[in-house]
Amino acid sequence: MATQTGITISAPDAPFTIVTTVPRPTPGPTQALVKSLAVGINPVDPMQHHTGLLVTSYPAILGSDFAGVVLEAGSGCTRLKPGDYVYGCAPLGQNTFTPFQETFLVEENVVLKALGREGVDVEGLAGVGAGLFTAGLCLLAGMGLELSPDGTKAAEKDEWVVVLGGTGTVGQFAVQIARACGFKVAASCSPAKAEIAIKNGATATFNNRGGADEQVASIKEITGGNFGRIFDASTYGYGVMVAALEEASTAESKYLTSVDDWSPFNTPASIKEYRAELGHLGRLDEPIGAAVTKDIASWISTFEAHLAAGTLKPVEYQVVDGVGWDKVIEGINQQEAGPAKKIIVRTQTE
Ligand SMILES: NC(=O)c1ccc[n+]([C@@H]2O[C@H](COP(=O)([O-])OP(=O)(O)OC[C@H]3O[C@@H](n4cnc5c(N)ncnc54)[C@H](OP(=O)(O)O)[C@@H]3O)[C@@H](O)[C@H]2O)c1
């Protein structure tokens, strides 16, 4: 059996260990074997390390966001071939699919392909997967927004979408998607970071550290009540969402969507609620996993078209110095310290 280098943990919270004995996976018919070139670090990576969340077996190989190059494509692949640059978010906790190892598998229907090889920004692409997929789940599946399949921006609408946490990785993609769908966007953030939300297309920003009353008043003042959709990309905004929809919105149809899929919610019946469950991507034996996987598969060509056209863009990132598996561990430590930007680590050279 061919083996390769990867990072393993033997149990929840056990130290990361770099080993050379990881079995190299073989792609099934609709899968490709990808060489890991860069990974993006997500809040879920340290969380999985400490708690074992969604891990299916030990020793476990973690990792979520990735960019890499296809080495081998399964016999039934129609989209991928060797040499293609791909990126996305791995099915969490499933050892053959996770990118903290030399090579890993992707299902070709839920992976993004860089259209064209010229000027591929592997580091930028490694920061796209979880943020874009999660924002897609909350805005497209959860709120019914529609991106044009050809990558063009929709005509401007006289209606607002509110994004709480418009400076985080998920929040930045949410701002971009809402703008590409033609909506005006009111984004909350730390005042010092307002420029990040504006760069992503936010029409107006307000202070996410203000109390709920202050935030609802800001939403009302900015939108004039002309909104029915709020997304919390921060996990801090459930109360603000409910209060804003109940007290400040003039819309007939009301939606709240959230990245928080663990806290108890008690959403009034007049508001449609949706919570992202990206961690269930690829778990086709679970109803939620099947639904998430089907949704993401249905958006892949649309996302590729928007990323190629520049209507959707990678978020700003910071790169850990150097290349290698020890740098991934450094990147996870930086994530735990609270980074200013998305952290990217180069895992291997081409
Ligand atoms: N359920 C799912 O499927 C799913 C998928 C992906 C991510 N997530 C979760 O979604 C969250 C965001 O992920 P991410 O990658 O975008 O993280 P991130 O880049 O670190 O963004 C965090 C966001 O939270 C805001 N924030 C931080 N502290 C806050 C506070 N005290 N009050 C209000 N807002 C605060 C930040 O805004 P400022 O810095 O501007 O204050 C920023 O917008 C994480 O909790 C992650 O675990 C869930």
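We count ligands from 1, going down the list as the structure has it; atoms in each ligand are counted the same way.
Of all protein heavy atoms, the one lying nearest to atom 40 (O) of ligand 1 is Thr167 OG1, 2.5 Å. Closest to atom 12 (C) of ligand 1, if we only count protein heavy atoms, is Ala233 O, 3.3 Å. The protein heavy-atom contact nearest to atom 15 (O) of ligand 1 is Pro43 CD, 3.4 Å. When hydrogens are left out, the protein atom nearest atom 24 (O) of ligand 1 is Ser234 CB, 3.4 Å; that is the closest non-hydrogen contact. Nearest protein heavy-atom neighbour of atom 8 (N) of ligand 1: Val259 CB, 3.9 Å. Protein heavy atom nearest atom 29 (C) of ligand 1, with residue, atom name and distance: Tyr236 CE1, 3.2 Å. Of all protein heavy atoms, the one closest to atom 2 (C) of ligand 1 is Ala276 O, 3.6 Å. Ranking protein heavy atoms by distance to atom 39 (O) of ligand 1, first place goes to Lys193 NZ, 2.7 Å.
A distance below 6.0 Å separates the ring centres of Phe104 and Phe66. Centroid-to-centroid, the aromatic rings of Phe265 and Tyr238 come within less than 6.0 Å.
At least one N or O atom of Ser190, backbone or side chain, sits closer than 3.5 Å to an N or O atom of ligand 1. Between Gly168 and ligand 1, at least one pair of N/O atoms sits closer than 3.5 Å. Considering backbone and side-chain N/O atoms, Thr235 never comes within less than 3.5 Å of an N/O atom of ligand 1. Looking at ligand 1, you'll find an N or O of Gly165 within less than 3.5 Å of one of its N or O atoms. Between Val170 and ligand 1, at least one N/O pair is under 3.5 Å apart. Below 3.5 Å of separation, one finds no N or O of Thr134 facing any N or O of ligand 1.
Every atom of ligand 1 is numbered from 1 in the order shown, and the set under 4.0 Å from a heavy atom of Asn208 is 33 (C), 34 (N), 35 (C), 37 (O), 38 (P), 40 (O), 41 (O). Listed by number with element, the atoms of ligand 1 under 4.0 Å from a non-hydrogen atom of Glu277 are 3 (O).
For the pair Ala130 and ligand 1, no heavy-atom separation below 4.0 Å is found. Residue contacts with ligand 1 leave out Val44, since none of its heavy atoms falls under 4.0 Å from the ligand.
Ile344 and Val320 end up in different hydrophobic clusters when Ile, Leu, Val, Met, Phe, Trp and Tyr side chains are linked at under 4.5 Å. Leu125 and Ile296 end up in the same hydrophobic cluster when Ile, Leu, Val, Met, Phe, Trp and Tyr side chains are linked at under 4.5 Å.
Taking a cutoff of 4.0 Å between a charged side-chain nitrogen and a carboxylate oxygen, Lys81 and Glu72 do not qualify as a salt bridge. For Lys113 and Glu304, the salt-bridge test fails: no basic side-chain N is under 4.0 Å from an acidic carboxylate O. Using a 4.0 Å cut-off between charged side-chain N and carboxylate O, Glu159 and Arg229 make a salt bridge. Salt bridge Glu277/Arg283: absent, no basic N to carboxylate O contact under 4.0 Å.
Seen from the ring of Tyr255, Lys272 counts as a face-on cation partner, given the 6.0 Å and 45° thresholds.
A side-chain donor-acceptor contact under 3.5 Å links Ser64 and Asp45. If you check the side chains of Glu108 and Thr30, you find no donor sitting under 3.5 Å from an acceptor.
Distance screen at 4.0 Å: atom 37 (O) of ligand 1 has a protein heavy-atom neighbour inside the cut-off.
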